[in-house]
Amino acid sequence: MKYPFSYEAIVIDTLHTPNSYFKECGMGLADNFTCAMEHIEDYYGEELVAVKHLELFEESDLIILSPKVIKNYAKGKYSRKPCKNCIG
């Protein structure tokens with residue numbers, strides 16, 4: 001069984017806005033903390049600057065979300081917040 005996890009990452013946008021840092025949050029499924037970190041590293045690659053928060057929840061096949069979050073996900077609306085003081 002896999003564990004749902006949440007994370008908060010600081011990433012750098014080298015493609016659209018060079019040297020701009022952003023904070024992103026997300027969720028996934030992993031066997032343990034190491035696997036969760038591997039998923040995050042694989043997704044962001046060299047754009048990953050830091051992981052500020054990583055939390056595993058009780059094992060479950062379901063992640064309960066609000067209808068608003070699901071609709072935004074289906075529409076491709078993701079939250080990426082600029083941050084100037086993310087590093088340090």
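Positions are given from 1, in the same order as the sequence printed here. Just so it is clear, the structure is predicted and the values come from calculations on it, not from any experiment.
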Donor-acceptor pairs are to be reported for all side-chain atoms of residues 34-48 against protein atoms at under 3.5 Å, with residues two or more places apart or in another chain.
| from | atom 1 | to | atom 2 | distance (Å) |
| --- | --- | --- | --- | --- |
| His39 | NE2 | Leu29 | O | 3.3 |
| Tyr44 | OH | Tyr7 | OH | 3.0 |
| Tyr44 | OH | Glu24 | OE1 | 2.6 |

Without placing hydrogens or testing angles, list every side-chain donor-acceptor pair under 3.5 Å for residues 54-61, not counting sequence neighbours.
| from | atom 1 | to | atom 2 | distance (Å) |
| --- | --- | --- | --- | --- |
| Glu55 | OE1 | His53 | NE2 | 3.0 |
| Ser60 | OG | Leu62 | N | 3.0 |
| Ser60 | OG | Leu62 | O | 3.0 |

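Met27 and Tyr3 are not part of a single hydrophobic cluster, where members link through side-chain heavy atoms under 4.5 Å apart.
With rounding to the nearest 0.5 Å, the separation of CD1 in Ile10 from CZ in Phe22 is 11.0 Å. Put simply, NZ on Lys71 and OG on Ser66 are 9.5 Å apart, with the number rounded to the nearest 0.5 Å.
No side-chain heavy atom of Asp31 sits under 4.5 Å from any side-chain heavy atom of Met1. Tyr21 is listed as a side-chain neighbour of Val49, based on a closest heavy-atom distance under 4.5 Å.
Atom NZ of Lys2 sits in a crowded spot, with more than 12 heavy atoms from other residues, nucleotides or ligands closer than 6.0 Å.
Between Gly28 and Ile63, the closest heavy-atom pair is O-CD1, 4.3 Å.
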